[in-house]
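Everything on this sheet refers to the single structure shown next.
Any value given below was found using the heavy atoms of this structure, including those in side chains, with hydrogens, waters and symmetry copies removed.
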Amino acid sequence: MKRDGLKPVLLAVVVCLTGLAAAIAVGRILGLDPGFAAGLMSGSLSQSAAMGTATDAVNGLAVPEAQRALYISHIAVADAVCYIFGYAGVIMWCTVVAPALLKIDLRDEALKLERSLGMSRAKPGLASAWRKFELRAYRLDEHSPLIGSTVAAAEARPEHRLFIHRIRRGERVLQAEPGTILAPGDVITISAPRQIIVELIGSRAEEVEDRELLDIPLISADVFLINAKLAGMNLQEASQQDWTHGLYLRSLSRGGQELPIAPGVVLQRGDLLRIVGPEPVVENAAKNIGVIVAPSNSIDFVVLGLAIFFGGVVGVLVSFPVGSIKIALSTSVGTLLAGLLVGHLRTLDPRFGRIPDGAISLMTSLGLAAFVGLTGIHAGPIFLSALRDSGISLLLGGMVVTLLPQIVGFCFGHFVLRMNPILLLGGLTGA
């Protein structure tokens, strides 16, 4: 919302007000009663929640009970007549008509937008052969500048992070203590950024394949920053802490946004750091940073269930008057707001309310498919009879109410807001 949310919000306001105005205008032109008019709006704009609001409003009218019952039945009839095109019309507009007017290919434009946002795609199972950090073994000859220096002195190079982990001296494998003096013939294991090893070391030393020496367990972990002492430090200051020896920072993200890794970048509480290094080093560093956010396939059903429950309760209880009508948020809007709240809390603590991406995709796809399918089952049996009883004018009026907000929103978003085509079409579907 802070970065670029204003344009989609303005688009939604324009589309919603246009849809409401179109429904009122078409209802008056066709001389529809309150039930047909409300059903026309809910079906044409594919807003099933409006049926519940309209039913409450009709029940509050000062008309005979029989008249109210007739109006309520008309809501369902008009919704059934208009809903199919209300759904299909938006799909056709956003996937066929609007892209043709914009003269774009949807797939190419979407990939172009992803690239502009720094996103990249790869085929499943593919991985880059390039590695940001390397662990290699080199033999020191008598001409090496490291001969006679201690491990601590060899590592004390402020321009880059290079660490010595083990030393083979004869048949023995030694741990690289800070005071150990390097001698000719030593084989040392070095970790450093790949560029440093290739440019500064590879051309000047003999690389050795020593499986025992290189057999150092390395792990990568996502760590959530909690330590108040670390918050406020920049990366240069943090890298000078004792517990960062042998540790590398692979990525840094804040609120879901990846930040550049530079010496002056200041750490904040809530940052997510992906660190890599020997297992004991990473575990010790995690204790000094905060907590490890481990991958998990489990679902936090407690948070999920409570969010749905309390969101539904808020949707039912919270209402506000508009003229003589009282409008409730509805359970769907209440649950949506609860989801937004949980999503925001997850940016503060990724351990809260965790649901694997695969489970989210399943629930989204299955929920949408079930919703559309059940709507069709509900509308299908009475569609033809409703169309016969209500006349073709109701269907045509519904088509106008469906398309007019899309056309107005399209022109407003493209010519006034100058939105990216893909974001514009996404905004139209949401609006």
Side-chain angles (χ1 to χ4, degrees), residues 12-94 97 319-330 332-333 372 375-412 428-429 431:
V13 171
V14 169
V15 170
C16 290
L17 293 179
T18 303
L20 178 61
I24 294 173
V26 170
R28 288 182 175 177
I29 292 172
L30 297 180
L32 302 178
D33 64 35
F36 277 134
L40 170 78
M41 185 179 72
S42 67
S44 301
L45 302 177
S46 61
Q47 289 299 315
S48 300
M51 295 181 66
T53 304
T55 300
D56 292 339
V58 167
N59 284 326
L61 295 177
V63 298
E65 178 65 31
Q67 192 71 25
R68 288 201 298 269
L70 180 63
Y71 287 162
I72 291 174
S73 67
H74 285 175
I75 295 175
V77 169
D79 179 82
V81 171
C82 300
Y83 199 97
I84 293 180
F85 186 81
Y87 226 91
V90 174
I91 293 174
M92 288 188 294
W93 173 265
C94 289
V97 180
S319 61
F320 51 92
V322 177
S324 59
I325 303 173
K326 181 183 289 187
I327 300 180
L329 286 181
S330 79
S332 56
V333 175
V372 176
T375 300
I377 291 173
H378 166 75
I382 62 173
F383 176 76
L384 293 178
S385 61
L387 188 62
R388 184 172 55 251
D389 295 340
S390 307
I392 196 70
S393 60
L394 188 61
L395 177 61
L396 296 177
M399 295 172 68
V400 172
V401 175
T402 296
L403 293 178
L404 187 60
Q406 293 291 312
I407 295 172
V408 172
F410 174 82
C411 294
F412 179 71
L428 287 176
T429 63

Kindly indicate whether the side chain of L329, heavy atoms from C-beta on, has any atom under 4.5 Å from the side chain of F320.
-> yes
Counting distance only, does the side-chain N/O of T402 pair as donor-acceptor with the main-chain N or O of S44 below 3.5 Å?
-> yes
Where is the tightest heavy-atom contact between C94 and Q406, given as atom of each residue plus distance?
-> SG-OE1, 3.7 Å
Among V14, T18, V13, find the one that has a side chain to side chain contact (heavy atoms under 4.5 Å, CB included) with F412.
-> V14
Determine, step by step, whether L20 and M41 satisfy the side chain to side chain contact (heavy atoms under 4.5 Å, CB included) criterion, reporting the C-alpha distance in whole Å, the side-chain angles of both residues, the deciding distance to 0.1 Å, and the verdict.
-> CA-CA 7 Å; L20 178 61; M41 185 179 72; 3.7 Å; yes
Once you round to the nearest 0.5 Å, how far does CD1 of I84 lie from OG of S46?
-> 12.5 Å
Between CG of L45 and OH of Y83, what distance do you get to the nearest 0.5 Å?
-> 10.5 Å
Between CD1 of I91 and CZ of F85, what distance do you get to the nearest 0.5 Å?
-> 11.0 Å
For residues L395 and I392, determine if any side-chain heavy atom of one lies less than 4.5 Å from a side-chain heavy atom of the other.
-> yes
With sequence neighbours left out, which residue pairs that include part of residues 38-71 fulfil the ring-ring contact (aromatic ring centres under 6.0 Å, His included) condition?
-> none
Atom CD1 in I24, atom CD1 in I29: separation rounded to 0.5 Å?
-> 12.0 Å
Check: L428 and W93 side chains under 4.5 Å, non-hydrogen atoms = yes
Rounded to the nearest 0.5 Å, the CG atom of L70 sits from the CD atom of Q67 at a distance of 5.5 Å
Closest non-hydrogen atom pair, P405 against G19 | CG-CA, 3.4 Å
For S42 and A50 the tightest heavy-atom approach is CB-CB, 3.9 Å
Roughly how far apart are L32 CG and H74 NE2, rounded to 0.5 Å?
-> 10.5 Å
Heavy-atom closest contact (A38 atom, I75 atom, distance) | CB-CG1, 4.2 Å
Report yes if the side chains of L40 and L394 come closer than 4.5 Å at any heavy-atom pair, otherwise no.
-> yes
